[in-house]
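I have placed the structure first, in the form of C-alpha cells, so that the comments after it can refer back to it.
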Amino acid sequence: MERLLNIDRRIIFAFVFVGVAVPLLIDFSFPIKPTEPVQRVYDEFERVASEDDPVVLLAFSYGASTVPEMQPMSLAILRHAFSRDIKVVAICLWPEAPGLAQAALDQVAGEYGKEYGTDYAFLGYKPGLWAPIINMGQDFHDAWPRDTQGTLVGDIPVTANIRNLNDFNLVFDFAAGDSIEFWWIPFGVEKYKFAFSGGCTAVMAPDLYPFLQSNQLRGMIGGLAGAAEYEKLVEIPGSATAGMRAQSIAHLIIVAFILIGNAAYFASRRRGAA
Amino acid sequence: MTRDSMLFLGFIGIFVILNAILLVGGYLDMSWTSLGVITAAGLTVSLYSFLYRDNPLFKLAEHIFVGVAAAYIFGIYWYQSLYGEVVVRIFGIGDDPATMTQRLLLLVPSVLGLLILTRMSVKIGWLSRISFAFVVGVGAGFTIPRYISAFLLSQIEATIRPITMDVDGLNLLLILIGVVSVLVYFFFSVEHRGVVGGISKVGIWFLMISFGASFGYTIMARLSLLIGRIRFLLDDWLHVM
Amino acid sequence: MFLTRTLPTLLAFAFGAVAVLIYYIPHGVAQEIERELSLWLRILYAFAYFLGLYSILNLHWTRIQRRQGGWAYSGVAIASFLVMFLFVVYNDGAGPFAPQASAGGYQWMFTYIHVACSSTMFSMLAFYIASAAYRTFRARSSDAAILLVAAIILMVGRVPIGHAISDFFPEAVAWLMEVPNLAAKRGIILGVSLGAIATSLRIIFGIERSYLGGGDE
C-alpha cells in the first residue's frame, strides 16, 4: 500500500498523456448539451442579429498561453456573428492578443466572404489594463484612433459612427485573466450600462457566476467545454468538440487516481491504527 | 557516457529521423510553414522533456521563448501605442487630425512616461515616483466609486431579492445564507465561538464547495491546454490524426 | 525630502481625489477630464513596458558579464531577443515607422516559437496538477471531503461523458455552481472589494506609500 502511495510521478504523467493522446486518435463522440450560461451567450448574439445594422465589439484579452482553450471559442463566436451578418469591431486588451485575433479574423472572414472595413475592423492593442475601457466609454475614437494598418477609425465604415461603448449592440470579452471581473464590469458595464457577455478560461469561470446572477454579465462561455457547447449551438463542430473526447477520458483518469489515492490512504491509515 | 546523455542523444536522433520521414513521405515540405511546424514541434517536445527531469534542451527552449516574447511585445507597443499614438500625434505626422490642444495635452503623459524610465538610474530614479504617484492615485480614485457600485451595491442587491415559495426561492435563500456565513467567516474581529462559530462553520462548507469547483475547473483548463498541444503534435506535425 | 516623498504623496492625493469626484459629476467638463486621465494612464502603461524590458535584459546581461551558472542560456535569451527585434524593425520590408506587417519573420516567430512555447509551458501544469491531486487530495476531514466530492462531481459532470453516464452529474454541477459556489464567490468578492476600497483610500490619504519604494533619497 505504501508503494502505491509513493508511486513515481512519471507513471501518473504517462497515464495523463495516454488519456489525452489515445482518444484524439480514435474516432468516437459523446453527446454535447449546452449549459445555461453558454445558451445565454448564443441568445444574446441572436438578439443582436435581429436588430438594425448590428455591430458588436469583440475584445481579445488572452495570450499565447491559453490559445488551445480560447482560440476555438473566438472562432465559434466569429462564425456565429458573421453567419448572422453581424458586423464586428475587434480590439485587444492583452499585448500578446493581436497576432491571435488577426489569425482568427482572417480565417473566419475568409470562410464567410466578409470584407474588411465594411463588415469588420481590427484595431489592435492598447495598454493600460482597464484604462482603455473608461476611454472607450467616453470617446471610442479617442481610445482607438487608428486600426492596425494605420487607417483612421473615422475613415472605416464599420467604426465611423461609433461614438462610445453604448453604440455597440453587444460587447464581448475573451478573457484569460480577470478582465471580465475586474476590468469590464467595474470600469465599463457599471457606468455605461451596455450589454455585456464574455468567454473565459475554465480557471476563471467559477468566479463569474455571481455576475451572471446579477445580470452584470449576460452570458458566459467557460473553457474548452463551453466552446464545444457553442460549436454545438452554431452547428459547426471544431477543435473544441473534437477535444471533448480527450477531455472526458482524461477527467475520468484523474478522478480514478484521486479515488485510488484516497483508498490507499485510508487502507494504510487503518493498518497503522491496527 | 551517462544514461541521461544517451537518452538526450537518442531523443535528438529520433526527432531528426521522424522529420526526415515526414519530409520524404511528403507530409511536410521545404516551405516556411513546414519549417515552422518542425521548429514548434522541437520546442514543444524539448519543453516536455522537463517532465522527465530538468535538462539543457528544456533550458534552451525556455530561454529562446523569453527573448522572443520580450521582443514580440516590443513590436506591439512600438507601433500601436508609442509611435502611433504619441510620436505621430505630438508631431502631427501624416494625416493625424489631432488639434493643438490635444497635442499639448499629450506632452503630459509623455513627460510622465519618460520620468518612469528614470527608474533605471540610481541617481535620478526618484523622479519616477511622480509618475507612479499619478498611476497609483488615479487608479485608486477610479477604483473607489466603481467598486462600491459594481461590487458592493450590485452584488448585495442581487443577494437580497424577494424569496418565493419554490425551488428558485429556496436557492435564493441558500445564496443569502451562504454569502452571510462566508462574510462572518472572513470577519476575524470577533472570536469564532458559539453562534458566530456555528455560522462561520457553515461559511467554510460553502467555501469548500467553491474551492472544490475551482479545483475541478483548473484541472479542466490545464488538460484543455494539453489537448491543444498534443493535437498539434499528432495532427499538424506527425499527421497521424 | 519634499520632492522625493511629500510631492508624490500630494500628487497621489490630488489625482485620486479628482478621479473620485469626476465620477459623481455628470457635467461635460468632468467627463472630459475622465477621458483625458484614462488616456494618460494607458500611455503611461506603454512606457512602463520599457522598464520591464530593461529589467529582463539587464538580468540576463549581468549573468553573462559575471559568468554566472547557466550564463550561456542568458546569451540565448538575448540572441533570440535580438533576432526577433530585427524582424520587428525590418517589418517585412516596411520599416519601423509603418504598421506592423501581418506576414513575414515577425509573425512566423510569433506563431511557431512564441505561441508554441507559451502554450506548452502552461499545458505542462496538467501533469503536475494530476500528480498533486493523486498525492495530496485526501478526505482527511469533513471539510476536505466536501471539497473532494465537489471537485469530483464537477470533473465528471462538466464534460460530455457526465451527460452520457447520468443526467445527475450535469444537473448537480449546475446547482453547485449556481448556488453554493456563487454564494461563496460573492462573499469573497465583497471581501476583496472592501479591501481594495480601503487600500485605495489609504493611497489617496497618503497612509499607504509603498509604491514610492524604499529610502528617502
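Keep in mind that this is a model prediction, so the values were computed, not measured. Every chain is numbered from 1, with letters handed out A, B, ... down the list of sequences.
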Under a 4.5 Å heavy-atom cut-off, does chain A meet the side chain of [X], its backbone, both or neither?
{"X": "B:F232", "answer": "neither"}
{"X": "B:L234", "answer": "side chain"}
{"X": "B:I156", "answer": "neither"}
{"X": "B:L233", "answer": "neither"}

Mind listing the closest non-hydrogen atom pair of [X] and [Y] along with its distance?
{"X": "B:I76", "Y": "A:P98", "result": "CD1-CG, 3.7 Å"}
{"X": "A:A242", "Y": "B:R231", "result": "CB-NH1, 3.3 Å"}
{"X": "B:M220", "Y": "A:G222", "result": "CE-O, 4.3 Å"}

Hey, are the side chains of [X] and [Y] touching, using non-hydrogen atoms and a 4.5 Å cut-off?
{"X": "B:Q80", "Y": "A:R146", "answer": "no"}
{"X": "B:S214", "Y": "A:P206", "answer": "yes"}
{"X": "A:Q216", "Y": "B:S154", "answer": "yes"}
{"X": "B:L225", "Y": "A:T201", "answer": "no"}

Of the backbone (N, CA, C, O) and the side chain (C-beta and beyond), which part of A:W144 lies under 4.5 Å from a heavy atom of chain B, both, or neither? neither
Are A:F13 and B:Y48 an aromatic pair by the rule of ring centers under 6.0 Å? no
